[in-house]
Amino acid sequence: MESPLIQLENITKSFGGVKALKGVSLTIQPGEIHCLAGENGCGKSTLIKVMSGVHTPDHGQIFINGKKYKHLSPLEAIKEGIQVIYQDFSIFPNLTVAENIALGSELSAKRKVVSWPNMRRIAKEALSKINVDLELNEKVENLSVADKQLIAISRALMQKAKLIVMDEPTTALTHKEVDALFKVINGLKQDGISVLFVSHKLEEIFAISERITILRNGSNVISEQAKNMDTEKLVYHMTGRKLQDKYYDVDVKNKVPILRTDKFGLDHSFENVSIEIYPGEIVGLTGLLGSGRTELAESLFGLLPATSGRVFINSKEIKIDSVQKAVKEKIVYVPEDRLTEGLFLEQSIERNIIASTVVSLLTKLKMLNQDKINQSVENWIDKLGVVTHSSKLPVKALSGGNQQKVVLAKWLSSNPNILILNGPTVGVDIGAKEDIHNIIKDLAKDGLGVLLISDDLTELRQNCNRVLVMNKGRISGEVRGRDFNQKTWSELQEA
Amino acid sequence: GNNGEEQVTGEEKDGDGKYKIATVVKLTGVAWFDRLEEGIEKFGEDTGHETFMQGPQKADAALQVQIIEDLIAQKVDAITVVPFSAEALEPVLKKARDKGIVVITHEADGMKNTDFNIEAFDNYEYGAFLMDNLAEAMGEEGEYMTTVGSLTTQSHIQWEEGGYKRQLEKYPNMKAVARKLETNDDLKTASEKFRETIKAYPNLKGFQGSSGNDAAGAALAVEEMGLNGKVSVVGTSVPSVSKQYLESGAMSQIGFWDPADAGYVMNKLAEMVLDGKKEEIKEGADLGVPGYENIKVVDGKYIFGSAWVGVGKENASDYNF
Amino acid sequence: MYNKFFQTTEFYLIVIISLLFLTIGSQNSAFFSINNMFDLIRSGIVPGIFVVCALIVLVSGGIDVSFPAIAAFSMFTTTTILSEAGFNGPIIVPFLIGGAIGFILGIINAVFIALFKLPTLIVTLGTSSLFSGFLLTFIGSSQISNLPTSMLNFSKMQILKFTDETGIVVGLPISVLVTAGIVILVSLLLKYTMIGRSIYAFGGDPASAERVGFSPVFIQFFVYSFVGMLSGIAGIMHTSMMRNSNPVDLMGSELLIIAAVVLGGTRISGGHGTIKGALLGLLLVITIQNSLILMGIPSYWQRFVIGALILIGTGLTAVQVKKTNAKRKSILT
Amino acid sequence: MLNIPKPNPGPLEPGQRKQLILPILNKDGNLTRLFFIMMFVFILMGSISPSTFLSLDSFISMAYQFPVFGILSIAMMITMVSGGIDLSIVSIANLTSILAAGIMVKFLPPDASLMTSILIIAGAVACSVIMGLLCGLVNGIAVSLIGIPPILVTLGTMQLFMGIAIVITKGQAIVGLPMLFSDIGNGSLGIIPFPLIMFIICIILAYILLNKRAFGLKLQLVGTNPVASKYSGISNSVVLLKTYAFSGLFASIAGLLIIASTNSAKADFGTSYILQTILVAVMGGVNVKGGFGKISGVVMAVLTLQFLSTGLNALHVGNFFKDFIWGIALLLVMVINEVSNRIKEKKLVKQN
Ligand SMILES: Nc1ncnc2c1ncn2[C@@H]1O[C@H](COP(=O)(O)OP(=O)(O)OP(=O)(O)O)[C@@H](O)[C@H]1O
Ligand SMILES: Nc1ncnc2c1ncn2[C@@H]1O[C@H](COP(=O)(O)OP(=O)(O)OP(=O)(O)O)[C@@H](O)[C@H]1O
Ligand SMILES: [Mg+2]
Ligand SMILES: [Mg+2]
């Protein structure tokens, strides 16, 4: 058969202590729609950044069109016709829609001067490909997440590419938009352009891909024709376990809700949210990126004080207008983005863990009590099984899972009553993921109320007794955890 | 304290009878003190003593204190100083004298911890002298403005007040409309202050500047606004900077004293004290430098020369600094 | 488009400035005279270029405090060379030399920033101390008053010259055209050239910029060398306008200039900022500085008033920026 | 309350072990390097002019010089650790010193008994320290509550405070302070000059503040990542308020030293210290982006600059040459740190 378009041979890459890739290989043929699958944090995005020149691998080789690259630079990758839709979009918030879409192609066209009408023309054309319509002169920072993602997509489609890499391009999109995208992808195939498609949504994977490569924990598991694959195989290879469902159930009869909201709302973000969480419950919350889940969580945590509705804690009305207030009411929040919101990366594990409880670790003279601190830190490192040599190491030296455990420790050490988790296992390896799920369940069994925000279907089904689906800032549906699946999700989504 | 000189008198720090005399100025890198340095070097050549000048790169008393601290540690025989802020130097100069170092100051009338303070002239009289020139140029009538380098520079304030007092006494038809505007010794600022003032007071007829750049800045504006002959500018400056304006008529008079002479005299005084010729320094004595041939001495240690020079169009080119 | 304008920092600045103008004007009618307006412009000629420099760097996500040092270095070195050589050629020569020197000093900044990836503030702090130290130690420290004739003539040329009723000759120095030229040129550069847009892109998100294929090293080298060149030119203009070259001039003006630019809506975090806004910010600062006498504020109070007005100005804009950042297109539909 | 089967860490390859300890090495590496640079400067200056530089007198003279800008550097440092900057410290120092001096001159009769003079001096000192705190609070409010960038705030207050000082004093120095006060200021315990003692006290204070108090921890966390600190329930605005207040406090202490050492107070004393203190902080390894800064580093930087300055004075070189050397020194330190860190990381990748 013809020579491969791109070939990666046992690539390794580590960040601080995190071994993101441990000798991964990947081959993409011209004109093939190749799917890269794997659990959160298994290294997909890292692999992509390696082939687009963003990361230089520690070891391993890169061949593009038969040419070997030692230090591939983003520019070279682009010249070789590799276009990437990054998971984080990598767009310019300070520039207009038109520019974000057209600037790249203008650049590779070696333009010295830019013509705005021309850029608008290009942008319009690009957007029409996936038939969306946006105000071209709007600054991107004012757009919704979905719009941002659409811009990232059309930017990539604009370029004369040989390979378009799509790293979870549909996380914020509705079905209509996804279908439009798939049409485009098939169109690309006709023109002999290859596509590397990354997604967590199994039906998307099967709908589009010819070949599927699966990573687990930064290593290859299998690369197989799509037709020889089925959901079961796929899940097995991704997780390394048979898909034997274990569920989490609790009985909330004759209990008072530990948290109850009534017509809870925040201008521009969500409205009319009335939910209750009973002690011992793990309530799942999901929805598209940009659906307002995070805003809801952050309102409950006092970061974005709500503008309407009421909150009851143990049926006592409370006004949560600041984080300090929320913490006082023993509500804690593990944010979505560990690296920027959850951790002080350059600071030590110890400091990260005591960040929010330090005031309870002082001597009579109000000095830091190093003994108490060591005790508490060691205790939590122990309980959560954080794998490290010393608590004095900067937390950025830890693996994703252990980093997440540190964030958990920070809040659990303040022994809360209500625990809000936003994507607690994103970028966490399977072992750690298991641990974290167990920790959460044990906490719930001890009478905590847990609100678990996640995109991970299996995670929600296996750990929540109830799942709420959110859409456009409203709760659009609710379902028992064990009944939650792809189908119910999309039904509730559209509901 | 007097215990200072006792040890010093006649004492020779190094065998060959040569002294190490340091001079500390307000600021290095300005025409004025470059000129002063010439005087110091000349004294060094004439006498063979080791003389040198030091000064901060920014006009800041703090830096002067530091420099003097270090000079004390270097065990120089004498320190002659042109203080940026006299008060701020009292303690450190006291320390110097306690260590037996001879201290001579300049532009620091009333300084306590000094063997002698020498003024080229009485600051108030000098201010009055400038005012007389301004008045003459203005025909003794009309509105005028005054500037100072910075409100924290004592001598500038004294010149300004000396001039103002003279105007009140002798020139009733003159009127100060804006006083003590700060120029930060910056030409551009000076010229902008003048432009603004003449807008606020359209019949402004005169300008008296203090810092080396004030008069030049005003003259620049005067020339640009075509006010030569309509507005008279006087102030302290050096010929090299003001020549072009004196000749064009934008500036009528500058006053100054030759910093080279001042520098020379300071060192001379230091030498005399070190040689134990302290008592020769008295009313009417001749220090052998033009302007200081017949000095006035107040309270035994405050010396005044009469060393100011008035420079106008005619004699502007007699000076090469 | 139209109603958007009312949310921009520029708009709020215009409001603040008009208020200030009215207050001063009501204090003293002379404020609105052409003469005064011209003087405001005149005081803005050299700072105007500095503002452009500071803006470019801030937009690129850096912060530069070395431009006055570069300007002083270029102007004094140039005048020294020329007066040594007894030069009396055309005015363009000093500008070329000054620009070239500034360009080289800018490259030095760029090397530390782009190649060694050091924080811009530290680098420029270090280099400005280094540049001025070198200048005053090795090149010379006393003012030069006998400038080349071409520079003197340049300073004497005025445009729109006329004599007003009080017999004052009102006019703008020819150098205003240079500043105007630079302002227009840079505006075009920033809006209509690839390098201009890449500066914004880089300032907005350096990582993304690299991923899209921009070269950070090239961008930073361009920014700092170009800014260095502009500073050099500004230095030459300052000397010739003052008809005297003083190596300690200009130093210490950097912070106020940056303040003016930030006042004009440029974000220290990079990526945002317009020449229009920066110039408005400068206008505000200059108006404050040059109206204290007209307002009849006694000299002892002037520094206090400047400080207070800076705080008020920055405060108002800060609050306004907060507001606009808070508002966001609704997720709800 | 939890009982989870603890997953066993599993063996780590030596490469990884090194990698985990690396960051620590780096941080210390920078300090060690700074130490060697300090020693180098010292030895260099000592060998160039041994007689003058290496004499007890010159050490004592230095000990009178660096405390003031040393303390100001600490004030600058803590604001930089918070991710900001404070350009107003010198203005605060002068304003507060003027207040103290004013009180002493006004209320202290020349014939006052020792007791009363001590009381009044104490009162004056208290007032100036409180004033320092207040000035700092003004900065803090503008930064944390109004949200003006620190560089703009403190640029404004730098003018504002100095303006007030000028209005109060009409620009002139306040003189005629009680001898007692300046005697303390210029006195010494044994051969240890009083300013040096004050400096040491301030170092200890700052050290406790930064490393032993909850505030210090929060300050460093806010400086490292203000978003994360917000999500950790730390009130950023309170922390910033305190930070600038403390900066003002240290500034006022420096102010008192200024009165003592110059026996006067003036609106524009020490204006050249502002850039110097930034230089010191940066050289001392304070991270401009905030979050990190070691008192020991700042102290070493202060000493290094003092050695340079005194050494160069002994050579009678112009002071502009110092600026030149300082610029070079600063850039050199930064480059050396950067390069050596890069080399380390390269080595590391190879080991893997
Ligand atoms: N810049 C970085 N610094 C430190 N660790 C990183 C960095 N980028 C990725 N990682 C870590 O490398 C591992 C792989 O991350 P990566 O983003 O490749 O996973 P992924 O498969 O894309 O996950 P997801 O499906 O959530 O996108 C994770 O543990 C992540 O925390
Ligand atoms: N309309 C919007 N305009 C601008 N930014 C938005 C908008 N909606 C969301 N965002 C930003 O994008 C982020 C993701 O949006 P949001 O938090 O609403 O999504 P979500 O439902 O929480 O999904 P996820 O948790 O996966 O991000 C938000 O934290 C917010 O900062
Ligand atoms: Mg990913
Ligand atoms: Mg979110």
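Naming convention: chains lettered A, B, ... in sequence-line order (proteins, then strands); numbering from 1 in each chain. All heavy atoms count here, side chains included; hydrogens, waters and symmetry mates do not.
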Item checked: Chi angles and distances behind the side-chain contact (heavy atoms from CB on, under 4.5 Å) call for B:L63, D:Q276 -> CA-CA 12 Å; B:L63 297 174; D:Q276 249 183 64; 4.1 Å; yes
Which bit of [X] is near chain B, if near means a heavy-atom gap under 4.5 Å: side chain, backbone, both or neither?
X: D:S261; result: backbone
X: D:S58; result: both
X: D:T262; result: both

Item checked: Test item: D:D323 and B:K58 side chains (from C-beta on) under 4.5 Å apart, heavy atoms ->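 Counting from C-beta outward, D:D323 and B:K58 do come under 4.5 Å.
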Next item on the list: For residues B:E50 and D:H316, determine if any side-chain heavy atom of one lies less than 4.5 Å from a side-chain heavy atom of the other.
Entry: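 Counting from C-beta outward, B:E50 and D:H316 do come under 4.5 Å.
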Note to self: Nearest 0.5 Å, please: how far is NZ in B:K75 from OG in D:S51?
What the structure shows: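 It comes to 9.0 Å.
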Checklist line | Value rounded to 0.5 Å, distance of CG in D:L312 from CG in B:D70 | finding: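 Rounded to the nearest 0.5 Å, the CG-CG separation comes to 10.0 Å.
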Closest non-hydrogen atom pair between [X] and [Y], with its separation:
X: B:L151; Y: D:Q172; value: O-NE2, 2.7 Å
X: D:K266; Y: B:T152; value: NZ-O, 2.6 Å
X: D:Y273; Y: B:A62; value: OH-CB, 3.5 Å
X: B:A73; Y: D:S61; value: CB-CB, 3.9 Å
X: B:S150; Y: D:D268; value: OG-OD2, 4.5 Å

Per-residue contact mode, [X] against chain D (heavy atom under 4.5 angstrom):
X: B:K94; result: neither
X: B:Q54; result: side chain
X: B:L71; result: neither
X: B:I67; result: both

Option that, when pairs with chain B are counted at under 4.5 Å, heavy atom only, ranks first among [options]:
options: D:F69, D:Y64, D:F321, D:F59; value: D:Y64
options: D:A267, D:G270, D:S309; value: D:G270
options: D:T310, D:N263, D:V68; value: D:T310

Next item on the list: List for me each residue that meets side chain to side chain contact (heavy atoms under 4.5 Å, CB included) alongside D:F194, sequence neighbours excluded, and say none if there are none.
Entry: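 Expected list: D:I184, D:M198, D:L257.
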Checklist line | Over 12 foreign heavy atoms within 6.0 Å of CG, D:L189 | finding: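 Not buried by this count: 12 neighbours or fewer within 6.0 Å.
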Notebook entry, point to check: Do the side-chain N and O atoms of D:N313 and B:Q74 include a donor-acceptor pair separated by under 3.5 angstrom?
Noted result: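 On atom types as modelled, these side chains do not qualify, holding no pair under 3.5 Å.
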N/O donor-acceptor pairs under 3.5 Å from side chains in residues 207-215 of chain B, not counting sequence neighbours:
| from | atom 1 | to | atom 2 | distance (Å) |
| --- | --- | --- | --- | --- |
| B:S210 | OG | B:T147 | O | 2.7 |
| B:S211 | OG | B:D185 | OD1 | 3.1 |
| B:S211 | OG | B:N213 | N | 3.4 |
| B:S211 | OG | B:D214 | OD1 | 2.6 |
| B:N213 | ND2 | B:D185 | O | 3.0 |
| B:N213 | ND2 | B:D185 | OD1 | 3.3 |
| B:D214 | OD1 | B:T183 | OG1 | 2.7 |
| B:D214 | OD2 | B:T147 | OG1 | 2.8 |
| B:D214 | OD2 | B:S210 | N | 3.1 |
| B:D214 | OD2 | B:S211 | N | 3.1 |

